[in-house]
Amino acid sequence: MNLTRRGFFKATALAFAGSMAYELSAQSQAFAVDLHNGEWKLVNTEEYTNICCYCSGGCGSIVSVRDGEVINVEGDPDHPINEGCLCPKGAAMFQLRNIVDPATNEVVHNPERRTTPMVRRPGATEWEEISWEEAIEGVARRVKDTRDATLIEKENGITVNYTPAIGSLGGSQQNSEEEYLILKMMRSLGLVAIDNQARV
Amino acid sequence: MATKRFIKRHSLQTRLTHGTVVFSCIWLMISGLFIFVPPLAAAAPGVAQFMRVTHRIVGTIFILVPIISAIAAPGGFKAFLGKYFTKWTPEDFEFMKKFVPYMLGPKRVHMPDQDEVKSGQRVADGMLILGGIAMGVSGLVLWLGTSVFAASPGTIAVMRFIHDLFFMVLVVFVAAHFYLGSGIFQPYRGTRKLMFGSGEVPESDALYHWGFWAREEIEKGENVVEREV
Amino acid sequence: MTGHYCDFKNADVILTSGSNNLENHPVSSKWVQRALDAGATWIVVDPRFTRTASQADIYCPIRPGTDIAFYGGMINYIIEKDLWQHEYVEHYTNATFIMDEGYSFDPETGFFSGWDESKKAYDKHTWHYQVESESEWDTSEGGSFAWVKDPGVPEFTPPKVQVARKDPTMQDPQCVWQLMKKHYSRYTIEKVCETCGMDEDTLIQVYEAYASTGAPEKAGTILYALGQTQHTYGTNNTRIMTLVQLLLGNVGVAGGGLNALRGEPNVQGATDMAMLVFDFPGYLRWPNVSESPNLRAWCESQTYYGGFYTNKPKFMVSALKEWFGEHATVENDYGYDWLPKIPKNGGDYTTMGTFHLMDAGTMKGYFAWGQNPVVSDPNSAFNRRAMANLEWLVVADWVETATASFWRAPDMKPEDIQTEVYFLPAALIYEKSGTIANSGRWLQWRYKAVEPVGEAKPDYEIADMLWTKIVELYKAEGGPSAESILNVKWDYYVDGKIDPRPVAWAFNGYKVASSDMKSAKMDLLPAFAQLKADGSTACAIWIYGGYYNNSDAPLDPAAQPVGRREHDDPGELGLYPKWAFSWPANRRIIYNRASADANGKPWNPKRVLVEWNGTEWATRNDVPDFVFQTANADGTNTPVAPNDNAFFMKPEQHANFISYGLADAALPEHYEPFESPTKNTFNALQNSPLMKFADHPSAKKGDFGEFPIVATTYSITEHWQTGAQTRMCPALNEIAPRQFIEMSMELAEEKGIKNGDEVIVWNNRGEVRLNALVTARFRPLTVNGETIHQVGMIHHWDWTNMFSTGEVVNDLTPNVGDPNSFIPEFKAFLVDVKKA
Amino acid sequence: MAEKAIMFDSSRCSACKGCQVACKTWNLLPSPIELNSQKWSGTLQNPPDLDENTRLVISFDEKPREKYGVDWAFGRRGCSHCTDAPCVQVCPSGCMHKDEETGFVIFDTDLCTGCQYCHMACPFDVPRYHNVGLSGYNITVNKCTACIDRVRNDRAPACVSTCQPGALMFGDRDEMLKIAHERVDLLKEKGFEAARVYGENEMGGLHTLRVLKYPIEQYGLPENPQTSPLLGAMGWMKPILGVGAVALVGGLGISFLTGLGYHRDEMRYDEVNHDIIDVDTGETIRHIDKEAGER
């Protein structure tokens with residue numbers, strides 16, 4: 001490989017990315033980010049390349065990980081499109097997961113993020129946290145009941161197999177594989193109303 | 001056994017006020033020194049931080065106590081001002097003229113009679129008071145101007161200059177004041193007790209230091225106490 | 001995008017219009033600056049003076065929604081001043097083609113020929129060419145189309161090959177060139193300025209600068225985004241830019257093209273993957289009741305008589321084979337009938353329509369996958385109320401979006417809303433792996449770096465859990481057309497766990513007989529050329545063919561074309577052919593045949609994409625996007641000498657000026673926005689005759705008398721879309737803490753508004769409170785003799801989020817749209833403003 | 001390592017503020033998180049200025065053009081890394097210091113005493129402080145360090161690394177200066193008359209060079225940056241204090257010595273006869289002649 005890293009990167013091995021990505025086990029969530037201990041912030045980190053989640057520029061990023069936690073996210077200097085640069089949104093990708101609490105100056109998981117399945121029951125004023133099993137069972141039941149009640153199998157002699165009663169929106173944030181799986185699931189259920197962010 | 005006469009010179013409130021100011025002033029000087037003299041702070045950064053915090057607390061005491069004291073005893077404060085802002089007598093001028101020779105030869109040089117506050121005292125204490133006010137005001141601006149409100153960098157620089165300058169002025173006058181007031185200077189032995197003691201001055205010392213005032217007080221008699229010694 | 005981001009550096013003139021590319025596609029700044037360093041000229045046309053405009057050589061203001069007038073004037077100017085690229089137009093476009101005798105456009109009525117008032121639609125038979133001759137496909141053994149007769153290929157009657165009548169002199173009054181020339185002769189400088197609002201000097205300066213790229217060696221690129229598309233005639237906005245680019249010979253060359261800067265990280269992927277009502281993965285058409293009720297009809301209606309799309313049956317059969325696996329056989333039409341067919345009113349199922357369906361009670365369940373329509377869609381207040389009719393809603397996202405919490409919007413009463421809402425926490429981009437497609441069609445791999453926080457899961461896992469549960473329910477309970485579900489192939493597992501890599505194999509395509517997903521032994525196809533219509537190959541999306549084709553290491557994306565990280569740059573054009581993979585077939589600049597003249601000699605020797613050396617296409621810096629050689633039976637190749645078929649995705653293999661492809665116009669024609677401050681002076685119709693959803697009661701059209709200010713909406717560089725994703729980042733809230741409305745000093749003075757004041761903006765659909773940002777970057781424009789004020793609002797806020805909240809600006813935008821793309825008209829509408 | 005510089009070319013800056021964010025994320029500087037507590041400037045310049053956790057702010061200034069648009073000047077507010085850095089000169093604790101290798105002005109939080117003298121000294125109004133409050137406890141300075149940790153590990157500062165349009169560059173100062181002058185020449189050719197390099201000689205030469213596209217006023221930069229002359233007083237004040245203190249102690253010492261062995265007879269005052277009497281001998285030392293006006 002003709003890797004021209006312009007001398008920017010010293011320590012860590014990008015070659016990890018290919019194989020390591022699938023072998024990560026859940027590790028300690030402890031944060032070991034301390035700028036004042038005099039140690040190089042990225043010491044002993046593994047690097048994984050990623051692609052930005054904002055506009056469609058496809059800018060490359062490098063996620064530095066230590067002990068199973070993200071230490072830093074910044075532009076991939078080898079990436080031919082962005083050459084290591086990131087716009088303000090891209091430069092803030094670290095904060096999607098971790099932020100610095102101004103009260104304590106400690107790095108914590110972003111508190112705005114929701115990481116537990118929830119349901120809001122009809123007429124309720126609040127969410128209620130549930131397990132994945134409950135969530136999946138609840139949704140699957142709803143989907144089946146609605147589909148079974150509304151599926152049009154034939155129209156004017158043509159096999160149409162569609163339901164007008166369920167819609168599925170979105171997919172521009174997902175990876176292509178996820179988009180395909182969502183599409184495949186939804187179309188197989190007979191959905192016509194499939195759309196994504198292409199218009200907004 | 002004999003009885004001696006003493007003249008009451010400083011009330012308890014005055015003595016307490018003075019004492020507080022003395023201690024806060026000393027503390028302010030020491031803690032300020034940690035900023036003023038870099039190697040001190042560099043040698044002990046943790047101590048420097050502690051000093052900075054105490055500088056503010058003690059600074060508050062330094063400013064507030066005299067003000068409270070003045071408010072608590074408006075009459076005394078008025079009298080106090082009267083003693084300092086008074087017409088200079090020929091003896092006052094003579095005192096000032098003879099001061100340095102006297103300091104270097106108290107056995108040879110004899111000073112003229114003085115009122116309750118010597119002219120030299122008026123100058124020295126005046127400088128202390130002026131310095132105190134300058135330090136208080138500039139210190140407050142430096143403090144609040146960087147925390148409560150945002151003073152312009154120009155203002156801050158001026159205030160800092162004032163704070164530094166009057167620190168130097170105070171060093172000189174505090175040292176002199178201490179030299180005399182604590183009685184290290186031999187003819188002033190015993191004056192320590194005026195502020196850090198009973199507040200009373202023995203008749204003999206009073207006659208030496210403040211002749212006019214001592215005789216006036218003895219003639220009036222109301223501030224004179226007799227005590228067995 | 002026909003090109004890609006790095007290619008901007010090759011341009012001689014860059015025209016940004018309908019985009020704020022520095023702010024919303026910041027990486028473009030790198031490549032635009034490189035072009036400027038090399039001496040390029042940059043033009044920005046925008047209603048307001050943006051940060052992008054601040055860097056440009058020429059800035060030209062424009063009234064929102066008048067781009068067709070602007071570009072129509074440019075076409076007229078180019079033709080009048082003879083600045084078009086003659087050889088390019090004559091050889092590679094349909095300018096010489098002769099249109100049906102009945103084709104016409106009448107400015108007196110505003111209609112093209114074929115309008116059917118009763119059907120409210122065009123009968124488009126006059127929008128086709130006159131046919132000179134017809135012939136059949138050669139399906140005999142050894143013929144080009146012998147595969148049609150192969151066993152396993154679904155039966156269908158191949159289309160007739162049509163050869164159009166042409167006039168190489170382009171003098172025939174019914175030839176495309178003459179019709180187009182006549183059509184745009186009405187777009188004079190004066191008229192354009194009256195409609196668009198800029199002054200004539202500026203407009204001429206822009207036209208002159210951009211038309212300079214008509215010189216054969218010059219390249220001009222147009223960067224556009226939602227500013228062009230979000231109109232009731234948005235598709236025609238993009239078409240007219242294509243027309244300009246074709247006239248100037250700018251399509252297919254390095255530094256040229258028509259570059260849609262797409263706004264979402266994988267919206268290209270979502271579009272490729274056909275997450276759209278009418279589409280099938282790979283830009284095929286989803287089966288629908290009118291054209292394609294069965295597979296035979298699909299093949300007959302979709303297969304082109306010429307060009308590359310003669311291959312469509314191969315793509316479709318391979319996709320069905322992937323969809324249904326072993327259940328797909330030629331006998332059962334490869335499972336075609338199990339797929340849903342789009343009904344006649346398919347447009348009603350696009351996003352805006354789905355809210356109408358909720359309002360009507362038809363739609364009962366709804367999924368939002370990382371999308372936040374309650375904030376991002378027009379007439380949001382109506383949408384929120386419509387959603388209250390849903391029985392259930394599922395939102396998969398990182399945060400509690402406004403869509404997830406529509407029931408507790410400030411104007412909603414949760415107690416009265418019976419919708420059951422599920423929130424499923426999703427993994428972040430670096431908490432999972434997979435493919436992402438950028439605007440330049442580059443497919444790149446994302447590597448998982450960490451485990452998701454808490455119980456969050458990748459969307460692929462969520463989809464798998466849900467599908468598995470649904471299949472379980474149908475197995476246990478049955479249900480209508482249960483076989484549509486039970487016959488679906490869903491085996492994307494590695495070591496028993498759902499995994500994106502098997503899906504990537506499916507994207508790339510593989511030989512069915514010699515592959516086994518379960519054991520990860522795959523016979524991946526080198527490219528989509530190997531796809532077959534006989535059921536022997538499976539491929540979920542033909543355009544991704546070749547992107548993940550290394551059968552030696554199917555589990556290692558780094559060993560695949562998608563994972564390449566090399567910097568080779570043949571021709572020094574920034575093509576980077578060995579970095580990742582660009583669909584189709586790793587082409588970086590599509591239509592690249594047009595980068596060389598009729599003899600295959602590049603227009604510009606410094607910007608060589610492909611070159612014919614007299615015997616073969618020896619220089620191929622980019623992968624040729626045309627037939628450059630044919631394979632012989634003995635495994636050798638025969639070079640194909642240069643011909644005029646530069647656009648082989650079209651049946652006639654020529655680029656189209658006049659086209660039958662769109663529903664509402666054969667040539668882009670100016671119409672006014674749904675809500676406009678003035679009268680259309682170009683033709684008798686005020687609005688596009690096919691404007692969608694204008695009659696729905698929720699649209700509540702406002703008129704100029706009541707709402708005298710033109711409004712537009714947009715993004716700023718510091719936030720993104722509905723803000724759910726950026727307002728969760730404290731650093732971004734800090735650099736852009738407040739929602740604002742930008743207005744001119746003149747308007748602010750008229751309304752007594754000072755910078756920073758809270759103002760109320762309202763129209764028939766809603767009312768929002770924002771802070772005013774008063775600036776000379778906005779100026780009133782003179783339109784048809786009247787002073788028109790404009791305001792602009794950013795739309796990144798709503799009532800949710802623990803760090804920063806605001807109001808939903810899309811409460812104001814009209815839920816009307818384009819008849820082709822069904823995109824809403826966010827960019828031009830009417831409001832009034834007052835101090836709060 | 002040769003002397004380094006960050007070069008900011010305002011004519012290439014698109015004011016996206018990516019640099020501001022990169023600075024925050026790399027240096028783990030927090031942003032306000034309390035609901036809607038962020039300060040808003042009323043313009044695109046946010047936060048309005050540098051603050052305790054903000055080392056870098058892109059400034060915005062617009063001057064209406066005659067026809068359409070504005071002269072929109074994007075500036076870069078942050079440490080200039082002066083060669084003659086007054087903050088270093090006034091820092092009492094050695095906290096603020098120069099990185100000898102690169103010329104950048106950096107600080108050691110552990111040494112900061114919170115005196116805030118560096119802010120008073122800075123002609124660019126740059127240093128800001130944590131924990132500024134009435135207590136004054138643990139005030140520590142914050143300002144741009146040119147990401148010295150990155151520089152020492154062969155990376156450009158975070159702001160430079162992230163800059164998409166290439167408005168920020170990093171390298172040897174000589175090289176940066178050369179590029180800056182080339183850019184100015186180009187801008188002048190394009191008709192930007194006021195274009196200039198800022199930082200070549202100011203304060204002995206800055207290590208953040210700037211290419212200004214529009215007149216300097218639009219960038220809020222001082223034409224001729226100078227530290228307050230009052231701060232120069234520090235130079236002479238301390239020696240004077242030192243000398244004065246020694247002289248004073250010496251003088252008082254001599255005074256003390258001359259006073260050693262001083263003795264004074266005890267006196268009393270006879271208020272009836274107005275005589276001052278030696279207590280031990282009973283002799284009248286002096287008579288106060290009240291009639292003569294003596295007191």
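A, B, ... follow the sequence lines: proteins, then strands. Residue 1 opens every chain.
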Take K341(C) and Y162(A) through the test side-chain contact (heavy atoms from CB on, under 4.5 Å) and record every step on the way to the result. CA-CA 6 Å; K341(C) 309 293 173 294; Y162(A) 81 88; 5.6 Å; no

My understanding is that only one of W323(C), W467(C), W490(C), W338(C) makes a side chain to side chain donor-acceptor pair (under 3.5 Å) with S188(A); could you say which?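 Looking at W323(C), W467(C), W490(C), W338(C), the match for S188(A) under the side chain to side chain donor-acceptor pair (under 3.5 Å) is W323(C).
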
Contact class of [X] relative to chain C, heavy atoms under 4.5 angstrom:
X	value
P102(A)	neither
A91(A)	neither
D148(A)	both
E155(A)	side chain
V73(A)	side chain
L151(A)	side chain
L183(A)	both
L191(A)	backbone
M93(A)	both
I99(A)	side chain

May I ask you to establish whether R114(A) and W398(C) are in a cation-pi arrangement, using a distance under 6.0 Å from NZ or CZ to the six-membered ring centre and at most 45° from the ring axis? no

Is the closest side-chain donor-acceptor distance between [X] and [Y] under 3.5 Å?
X	Y	answer
T351(C)	D195(A)	yes
Q371(C)	N196(A)	no
N161(A)	S481(C)	yes
Q721(C)	Q197(A)	no

Do NZ/NE/NH1/NH2 and the carboxylate oxygens of [X] and [Y] come within less than 4.0 Å?
X	Y	result
E126(A)	R408(C)	yes
R142(A)	E420(C)	yes
E400(C)	R113(A)	no
E112(A)	R727(C)	no
R501(C)	E177(A)	no
K154(A)	D337(C)	no

Could you check which of G58(A), P164(A), C85(A), A149(A) has the highest count of heavy-atom pairs closer than 4.5 Å to chain C? P164(A)

Which of the residues Q174(A), K89(A), R187(A), E133(A) is involved in the greatest number of heavy-atom pairs with chain C at under 4.5 angstrom?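 Top option by heavy-atom pairs under 4.5 Å: R187(A).
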
Turns out that what part of L226(C) lies under 4.5 Å from chain A's heavy atoms comes down to side chain

Report which part of Y430(C) has an atom under 4.5 Å of a heavy atom belonging to chain A: side chain, backbone, both, or neither. both

Would N82(A) and Y5(C) count as a side-chain contact (heavy atoms from CB on, under 4.5 Å) if you check the C-alpha gap in whole Å, the side-chain angles of each, and the deciding distance to 0.1 Å? CA-CA 9 Å; N82(A) 62 313; Y5(C) 280 89; over 6 Å; no

If you count heavy-atom pairs within less than 4.5 Å of chain A, which of S28(C), S376(C), P373(C) leads? S376(C)

